[in-house]
Enquirer: 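Submitted below is the structure of interest, expressed as structure tokens.
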Amino acid sequence: QLQIVESGGGLVQPGGSLRLSCTSSAFSLEFYTMGWLRQAPGKEREEVGCITWRDHNTNYADSVRGRFTISRDDAKNTMYLQMNGLKPNDTATYYCVARGGPVPGICAIEGPWSYWGRGTQVTVSS
């Protein structure tokens with residue numbers, strides 16, 4: 001069972017930046033397509049974006065495109081979510097997700113996702 005852990009959440013002012021990380025201490029993430037989802041209190045879960053393995057192609061939800069960037073460093077066994085221009089409605093718990101399978105040309109942000117982290121809280125407030 002793949003185990004993945006997020007880190008880097010916190011409190012940031014509107015317009016600020018934050019970088020989340022996702023890694024696994026026991027498993028190589030190199031051959032997994034990975035992504036980020038988020039969920040705010042009282043709201044439905046929302047896709048953020050994803051990144052394929054090998055080619056590192058990315059795909060984003062319209063709500064974050066141009067502000068958020070997903071990347072991965074296979075040598076460090078880590079995926080990142082760089083968030084710029086943060087808005088109060090970006091406040092949510094952010095989850096790292098992963099799935100196996102053949103490398104896709106473009107990953108589908110809606111999943112399905114086989115593995116989930118426990119989440120890290122991001123709060124955007126002045």
Side-chain angles (χ1 to χ4, degrees):
Q1 181 80 1
L2 180 65
Q3 296 177 342
I4 48 181
V5 179
E6 308 91 339
S7 62
L11 173 64
V12 62
Q13 293 187 343
S17 298
L18 207 59
R19 188 177 78 161
L20 306 183
S21 299
C22 174
T23 190
S24 175
S25 60
F27 298 88
S28 171
L29 301 177
E30 184 176 359
F31 301 109
Y32 289 88
T33 291
M34 303 189 68
W36 293 94
L37 307 179
R38 66 185 182 184
Q39 188 165 22
K43 295 187 178 181
E44 293 189 356
R45 189 174 60 222
E46 179 186 17
E47 298 86 5
V48 175
C50 56
I51 185 167
T52 65
W53 64 275
R54 191 185 73 188
D55 301 326
H56 297 187
N57 293 326
T58 55
N59 193 16
Y60 299 95
D62 289 342
S63 59
V64 305
R65 186 176 289 113
R67 299 188 299 123
F68 291 9
T69 302
I70 297 174
S71 62
R72 62 193 299 169
D73 185 336
D74 291 335
K76 295 183 178 180
N77 205 37
T78 302
M79 177 185 63
Y80 303 98
L81 177 63
Q82 177 67 43
M83 303 184 292
N84 299 328
L86 282 162
K87 306 174 182 179
N89 62 5
D90 292 319
T91 295
T93 299
Y94 284 71
Y95 297 92
C96 174
V97 292
R99 64 173 178 262
V103 60
I106 296 292
C107 49
I109 62 173
E110 63 272 14
W113 301 103
S114 302
Y115 307 101
W116 292 68
R118 292 189 174 185
T120 185
Q121 177 67 36
V122 172
T123 301
V124 184
S125 175
S126 56

Enquirer: Does Met34 share a hydrophobic cluster with Val122, counting links as ILVMFWY side-chain heavy atoms below 4.5 Å and allowing steps through other members?
Expert: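 Looking at the clustering, Val122 is in the same group as Met34.
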Enquirer: Let me check something: any side-chain donor-acceptor pairs from residues 59-66 under 3.5 Å, sequence neighbours excluded? List them with distances.
Expert:
from: Asn59; atom 1: ND2; to: Cys107; atom 2: O; distance (Å): 3.0
from: Tyr60; atom 1: OH; to: Ile70; atom 2: N; distance (Å): 2.7
from: Asp62; atom 1: OD1; to: Arg65; atom 2: NH1; distance (Å): 2.4
from: Ser63; atom 1: OG; to: Glu46; atom 2: OE2; distance (Å): 3.0
from: Arg65; atom 1: NH2; to: Tyr60; atom 2: O; distance (Å): 2.5

Enquirer: Could you pull out the closest heavy-atom pair between Arg38 and Ala92, with the gap in Å?
Expert: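 In terms of heavy atoms, the two residues are closest at CB-CB, 3.8 Å.
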Enquirer: Can Ile51 be reached from Leu2 by stepping across I, L, V, M, F, W or Y side chains whose heavy atoms are under 4.5 Å apart?
Expert: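 Yes: a chain of side-chain contacts under 4.5 Å links Leu2 to Ile51.
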Enquirer: Under the criterion side chain to side chain contact (heavy atoms under 4.5 Å, CB included), I'd like the reasoning laid out for Thr120 against Ser7: C-alpha separation, chi angles, the key distance, then a yes or no.
Expert: CA-CA 6 Å; Thr120 185; Ser7 62; 5.8 Å; no
Enquirer: Quick one: are Val103 and Asp55 in side-chain contact, heavy atoms under 4.5 Å?
Expert: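 Answer yes - side chains close enough.
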Enquirer: With hydrophobic residues grouped by side-chain heavy-atom distances under 4.5 Å, do Phe27 and Trp53 end up in a single group?
Expert: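 They do not share one cluster, since no chain of ILVMFWY contacts under 4.5 Å joins Phe27 to Trp53.
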Enquirer: Would you compute the distance between atom CE of Met79 and atom OH of Tyr32 and round it to the nearest 0.5 angstrom?
Expert: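 Reported value, rounded in 0.5 Å steps: 13.5 Å.
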Enquirer: Return the OG to CD1 distance between Ser21 and Ile4, rounded to the nearest 0.5 Å.
Expert: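 It comes to 13.0 Å.
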Enquirer: How about Ser17 and Val12: do any of their side-chain heavy atoms sit closer than 4.5 Å?
Expert: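 A side-chain contact under 4.5 Å is absent here.
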Enquirer: On a heavy-atom basis, which atom in Ser125 and which in Pro14 lie closest, and how many Å separate them?
Expert: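 It is C-CD, 3.6 Å.
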Enquirer: Using links of under 4.5 Å between side-chain heavy atoms of ILVMFWY residues, direct or through other members, which residues join Tyr95 in one cluster?
Expert: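 Reading the cluster by chain and number, Tyr95 sits alongside Leu37, Val97, Trp113, Trp116.
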Enquirer: Would you mind reporting whether Gln121 and Thr91 have side-chain heavy atoms less than 4.5 Å apart?
Expert: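 Yes, their side chains come closer than 4.5 Å.
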Enquirer: Do Arg72 side-chain atoms and Leu29 backbone N/O form a donor-acceptor pair below 3.5 Å?
Expert: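 Side chain of Arg72 to backbone of Leu29, a donor-acceptor pair under 3.5 Å: yes, one is there.
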Enquirer: Which of these, Asn77, Val5, Thr78, sits in a side chain to side chain contact (heavy atoms under 4.5 Å, CB included) with Ser24?
Expert: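 Exactly one option meets the side chain to side chain contact (heavy atoms under 4.5 Å, CB included) with Ser24, and it is Asn77.
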Enquirer: Report the distance from atom CD of Glu44 to atom CD of Gln39, rounding to the nearest 0.5 Å.
Expert: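 Between atom CD of Glu44 and atom CD of Gln39 there are 8.5 Å.
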Enquirer: Supply the atom-to-atom distance Cys50 SG to Ile109 CD1, rounded to the nearest 0.5 angstrom.
Expert: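 Cys50 SG to Ile109 CD1: 6.5 Å, rounded to 0.5 Å.
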Enquirer: Between atom CD of Gln13 and atom OG1 of Thr123, what is the distance when rounded to the nearest 0.5 Å?
Expert: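 Gln13 CD to Thr123 OG1: 13.0 Å, rounded to 0.5 Å.
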Enquirer: Would you give the length of the straight line joining atom CG of Leu81 to atom CD of Glu6, rounded to the nearest 0.5 angstrom?
Expert: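 CD of Glu6 is found 11.0 Å from CG of Leu81.
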Enquirer: At their closest point, which heavy atom of Thr52 faces which heavy atom of Thr33, and how far apart are they?
Expert: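 That closest heavy-atom pairing would be CA-OG1, 3.8 Å.
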Enquirer: According to the interplanar angle, ranging from 0 to 90°, do the rings of Phe68 and Tyr94 count as parallel (below 30°), tilted (30 to 60°) or perpendicular (above 60°)?
Expert: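 The rings of Phe68 and Tyr94 sit tilted, inter-plane angle from 30° to 60°.
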